[in-house]
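Below you'll find the structure, written out as structure tokens, and then a few comments.
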Amino acid sequence: MLGQGLQSKPDSMVLSAKNEQTKHTEKIFVTKSFLPPLEEYNAYVAKIFENGQLTNQGPLVGELEKKLSAYLGVEHFQFVTNGTVAIQIALKALGIEDGEVITTPFSYVATTSSILWERCKPVFVDIEPDNFTIDVNKIEEKITPKTRAIMPVHVFGYACDVEGIQKIADKYNLKVIYDAAHAFASVYKGRSLVSYGDISTCSFHATKLYHTIEGGACIIKDKAVSEKLNLIKRFGHNADEHIRLGINAKQSEFNAAMGLANFPYLSQIIDKRKILSNLYDKLLSGYVQRPKQQENLLYNYAYYPVVFKDENQLLKVFKTLNEHNIFPRRYFYPSLNKLPYLDDYEACPISEDISSRIACLPLYVDLKESEAERICALIIESLK
Ligand SMILES: *Cc1c(COP(=O)(O)O)cnc(C)c1O
């Protein structure tokens with residue numbers, strides 16, 4: 001069955017409660033990488049030392065690709081060096097080497113910079129205020145004869161209107177590439193959120209929900225495109241036969257080892273984040289604005305964004321938290337349509353407004369409930 005392993009219960013594994021004695025002087029950042037028990041990572045590293053293959057589609061990379069594609073219920077899954085190169089080679093594999101790419105201004109800079117790096121022009125469509133994803137009703141007015149693709153982002157793990165976007169893409173013969181860097185383990189209408197579009201790209205960077213230290217993936221709908229991408233990621237050649245322009249986007253066995261060691265803990269990682277998110281919800285209710293719950297989404301709890309009344313209120317809360325060694329982050333600021341190296345400025349009032357007053361609170365496995373409670377108390381105190 002497709003996506004059978006999604007968010008299923010763990011096999012009797014227990015997360016170790018690290019840093020039990022965290023003192024208030026210890027800094028709390030927005031995230032902290034999950035680390036598996038060292039001996040479990042070492043067991044994979046021992047395999048690498050035994051067979052001597054360090055990279056170039058080794059056995060651990062193969063094993064991880066198989067595990068993750070089964071977990072996601074997808075057919076064509078390729079593990080690559082990072083989530084940024086994943087976007088760049090997705091554009092290349094779909095033959096988008098110039099023209100305009102419609103995208104969202106509310107994301108990490110890599111969404112826009114990848115489009116620019118591939119010598120395409122990002123065309124910004126404003127977001128909807130409920131979940132901060134691209135506003136599907138404003139896409140068509142930005143389509144021109146030069147438009148080649150739509151690149152939305154499932155920001156914070158919330159689902160874009162995938163059906164509405166596909167309808168527009170079909171009507172105008174456009175490709176759809178989802179920057180799904182936040183969407184791993186979110187399930188939409190019974191399907192992995194990363195299975196939508198012509199290609200979805202993931203990031204497995206150390207700061208993400210599930211990580212391979214550095215890493216990323218492309219999930220590809222079409223077999224021929226997947227084969228093309230596979231060639232592109234290893235310099236475009238098979239032995240002495242040079243077929244097309246390529247790059248090096250291959251992953252190493254050590255990164256696969258971290259992915260394999262982390263994978264059994266995934267559902268527990270999500271469970272713990274869910275507990276913390278529910279606690280924040282309970283304590284902060286009425287004090288901050290939150291994204292709307294999406295009906296058909298099994299959420300992955302990748303982030304905990306809160307929207308303040310205005311930027312002044314956000315800055316006041318940050319000042320208080322920083323004084324107590326707590327460092328939330330302004331995700332995402334500034335709105336990407338305001339990047340200084342763009343050719344021209346297109347106004348996106350909703351994204352610009354949300355960007356000015358949104359932040360993500362600390363959310364990670366090692367964060368204690370008492371710490372989350374302290375963070376909430378400080379926020380409430382500074383809002384008074
Ligand atoms: C993290 C991130 C990326 C880049 O991924 P890397 O693996 O760090 O290169 C791209 N897009 C979004 C939305 C991200 O959050």
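Residues: numbered from 1 along the sequence shown. Just follow the structure's listing: the first ligand is 1, and inside any ligand the first atom is 1.
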Which protein heavy atom lies closest to atom 12 (C) of ligand 1, and at what distance to 0.1 Å?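 The answer is A181 CB, 3.4 Å.
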At what distance is the nearest protein heavy atom to atom 4 (C) of ligand 1, and which residue and atom is it?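 Checked against all protein heavy atoms, atom 4 (C) of ligand 1 sits closest to T84 OG1, 3.4 Å.
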As an exercise, identify every atom of ligand 1 less than 4.0 angstrom from a heavy atom of [X].
X    : value
G215 : 7 (O)
S203 : 1 (C), 5 (O), 6 (P), 7 (O), 8 (O)
S107 : 13 (C)
N82  : 7 (O), 9 (O)
K208 : 1 (C), 2 (C), 14 (C), 15 (O)
G83  : 5 (O), 6 (P), 7 (O), 9 (O)

Please determine if R329 forms a cation-pi arrangement with F29, meaning its NZ or CZ atom is less than 6.0 Å from the six-membered ring centre and no more than 45° off the ring axis.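 Negative - R329 is either too far from the ring of F29 or too far off its axis.
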Cation-pi check, R290 to Y304: give yes when NZ or CZ is under 6.0 Å from the six-membered ring centre and within 45° of the ring axis, no otherwise.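 So R290 does make the cation-pi contact.
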Could you tell me whether ligand 1 has any atom less than 4.0 Å away from a heavy atom of E214?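 No; E214 lies far enough from ligand 1 that no heavy-atom distance drops under 4.0 Å.
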I'd like to know whether ligand 1 has S114 as a neighbour, heavy-atom separation below 4.0 Å.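 Under 4.0 Å: no for S114.
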Apply side chain to side chain donor-acceptor pair (under 3.5 Å) to Q289 and list each qualifying residue two or more places apart in sequence or on a separate chain.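 If we apply the side chain to side chain donor-acceptor pair (under 3.5 Å) test to Q289, skipping adjacent residues, there are no hits.
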Does E75 have any side chain to side chain donor-acceptor pair (under 3.5 Å) partners at least two apart in sequence or in another chain, and if so, which?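 Side chain to side chain donor-acceptor pair (under 3.5 Å) list for E75, sorted by chain: empty.
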Check this for me - ligand 1, Y108, N or O atoms closer than 3.5 angstrom, yes or no?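 It does not: no N or O of Y108 is found under 3.5 Å from an N or O of ligand 1.
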Does an N or O anywhere in H182 fall below 3.5 Å from an N or O of ligand 1?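 Indeed, backbone or side chain, H182 has an N or O that close.
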Hey, are E65 and Q57 close enough side-chain-wise for a donor-acceptor pair under 3.5 Å?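 Yes, E65 and Q57 have a side-chain donor paired with an acceptor closer than 3.5 Å.
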Under-4.0 Å heavy-atom contact with ligand 1, by part of D179 that carries it: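 Within the 4.0 Å criterion, D179 contacts ligand 1 through side-chain atoms alone.
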Angle class for the H182/F332 ring planes (parallel below 30°, perpendicular above 60°, tilted otherwise)?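 Rings of H182 and F332: parallel, under 30°.
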Under 6.0 Å between the ring centres of Y331 and F156?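 Not close enough - the centres of the two rings lie 6.0 Å or further apart.
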Please report whether the ring centroid of Y71 lies less than 6.0 Å from that of F263.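 Centroid separation for F263 and Y71: below 6.0 Å.
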With rounding to the nearest 0.5 Å, note down the distance linking CZ in F184 to CG in L209.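 Going from the CZ atom of F184 to the CG atom of L209 covers 8.0 Å.
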